[in-house]
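Just below is one structure, and these are the notes that go with it.
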There are 2 protein chains.
Amino acid sequence: MIVPDWVDKVDPCDANCPSREMLDLIGDRWSLLLLLVIAQGVHRNGALKRRVGGISQKMLTQTLRALEANGLVERRDFMTVPPHVEYHLTPLGASLGPALTPLFEWIEMRFGDVLAARAEFAGREAA
Amino acid sequence: MIVPDWVDKVDPCDANCPSREMLDLIGDRWSLLLLLVIAQGVHRNGALKRRVGGISQKMLTQTLRALEANGLVERRDFMTVPPHVEYHLTPLGASLGPALTPLFEWIEMRFGDVLAARAEFAGREAA
DNA sequence: TTCGGCAGTTACCTACAGGTGCGTACTTCA
DNA sequence: TGAAGTACGCACCTGTAGGTAACTGCCGAA
């Protein structure tokens with residue numbers, strides 16, 4: 001079997017391994033989505049909410065706060081009335097993008113295979 | 001701001017986008033960990049359980065079934081008594097490894113920055 | 001003068017992820 | 001004779017992720 005190189009680079013069995021914590025951070029339903037649309041140039045609360053259909057105001061605020069707290073997005077409050085707030089990627093947040101590209105490409109390329117495997121597995125179970 | 005290339009490749013706002021579903025699959029607490037240790041050459045139920053400290057038998061079985069159902073691992077039951085079962089990566093599962101490498105590398109390289117940002121943010125909040 | 005948009009906050013509720021503990025059927029070793 | 005390892009399945013319980021609804025204060029437009 002081919003063992004990829006990444007197997008030696010992290011020890012996920014160590015509960016202190018940062019990968020555990022980072023996967024908790026970006027592994028939820030909305031974080032990566034928000035990172036993506038902010039990178040696409042959508043910066044304001046209302047616009048984000050409309051663009052990411054299905055997200056509640058609560059989860060939007062909560063997720064943005066978490067991303068801000070971890071230095072991935074920057075919140076700019078213009079202190080005007082009516083309120084005007086903008087969210088932008090920090091350099092750190094922007095650097096995460098390229099790291100995710102291969103994963104999204106894998107999903108695009110291999111999702112068909114996953115669906116096929118799923119169908120084949122379901123068929124085997126039924127038999 | 002630099003817009004990475006991946007922003008145009010997927011539309012995560014579309015609920016039908018496979019990325020939503022795949023992130024559900026690998027975004028949980030154990031899937032990536034199990035993929036990793038299986039890639040490292042640990043193949044049997046008991047060995048996996050000992051290696052991934054903290055996982056319960058239930059979640060181990062449940063996660064392995066999910067990975068099997070999606071064609072990422074193969075379950076080989078030797079039909080012996082006492083039971084002997086081995087789990088191996090399928091070619092599809094093995095192909096996921098390289099797609100994750102940049103992400104893990106990003107975590108390794110940038111986790112310090114995240115911690116620093118977190119500390120700085122906590123300090124700002126307290127003030 | 002009332003309504004909608006701005007960017008939230010708070011309280012409350014539900015569903016599910018995940019943990020604990022027990023049972024199964026068999027074998028080998030002490 | 002019984003303890004431990006092998007690979008589970010099932011029932012029950014809890015924590016929390018995430019959703020809903022109602023509220024704030026201010027403005028401009030109809």
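Convention: sequence-line order gives letters A, B, ...; per-chain numbering from 1.
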* Counting only N and O atoms by type, is there a donor-acceptor contact under 3.5 Å from the side chain of A/Asp77 to the main-chain atoms of A/Met79? ->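 It does hold such a pair.
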* **Sidechain-backbone polar pair: A/Thr90 side chain, A/Gly93 backbone, donor-acceptor under 3.5 Å** =>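 Checking the backbone N and O of A/Gly93 against the side chain of A/Thr90, a donor-acceptor pair under 3.5 Å is found.
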* Asked: Taking only N and O in the side chain of A/Arg44, is any of them less than 4.0 Å away from OP1 or OP2 of C/dC6?
  -> no
* Asked: How does each nucleotide of nucleotides 20-30 of chain C score, in 5' to 3' order, for protein heavy atoms under 4.0 Å: base (B), sugar-phosphate only (S), or none (-)?
  -> B-----SS---
Spacing of [X] atom [atom1] relative to [N] atom [atom2], expressed in whole Å:
X: A/Glu68; N: C/dA7; atom1: CD; atom2: P; value: 15 Å
X: B/Leu33; N: C/dG18; atom1: CG; atom2: P; value: 12 Å
X: A/Met79; N: C/dA7; atom1: CE; atom2: C1'; value: 13 Å
X: A/Leu48; N: C/dA7; atom1: CG; atom2: C1'; value: 12 Å
X: A/Arg65; N: C/dT9; atom1: CZ; atom2: C1'; value: 10 Å
X: A/Asp77; N: C/dG8; atom1: CG; atom2: P; value: 7 Å
X: A/Lys49; N: C/dG5; atom1: NZ; atom2: C1'; value: 11 Å
X: B/Ile55; N: C/dA17; atom1: CD1; atom2: C1'; value: 13 Å

* Asked: Under a criterion of less than 4.0 angstrom to any heavy atom of chain A, what are the 5'-terminal and 3'-terminal contacting nucleotides of DNA chain D?
  ->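 Counting from the 5' end, contacts occupy D/dG18 to D/dC27.
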[atom2] on [Y] to [atom1] on [X], rounded to 0.5 Å:
X: A/Leu100; Y: A/Ile107; atom1: CG; atom2: CD1; value: 9.5 Å
X: A/Glu86; Y: A/Arg75; atom1: CD; atom2: CZ; value: 11.5 Å
X: B/Arg50; Y: B/Ile55; atom1: CZ; atom2: CD1; value: 13.5 Å
X: B/Lys58; Y: B/Thr63; atom1: NZ; atom2: OG1; value: 10.0 Å

* Under 3.5 Å side-chain donor-acceptor pair for A/Glu105 and A/Thr101 -> no
* For B/Thr61 and for B/Arg50, find the nucleotide of DNA chain D with the closest heavy atom, then tell me which residue's nucleotide is more 5'. => B/Arg50
* To do: Check every strand shown and say whether A/Tyr87 touches a base, only sugar-phosphate, or nothing at a heavy-atom separation below 4.0 Å.
  =>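 The residue A/Tyr87 makes sugar-phosphate contact but no base contact.
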* Parallel, tilted or perpendicular: rings of A/His84 and A/Phe78 (30°, 60°) ->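 Rings of A/Phe78 and A/His84: tilted, as their planes differ by 30° to 60°.
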Please report, to 0.1 Å, the donor-acceptor pairs under 3.5 Å made by any side chain of residues 29-39 of chain A, with sequence neighbours excluded.
from    : atom 1 : to      : atom 2 : distance (Å)
A/Ser31 : OG     : A/Leu25 : O      : 3.2
A/Ser31 : OG     : A/Asp28 : OD1    : 2.7
A/Ser31 : OG     : A/Asp28 : OD2    : 3.2

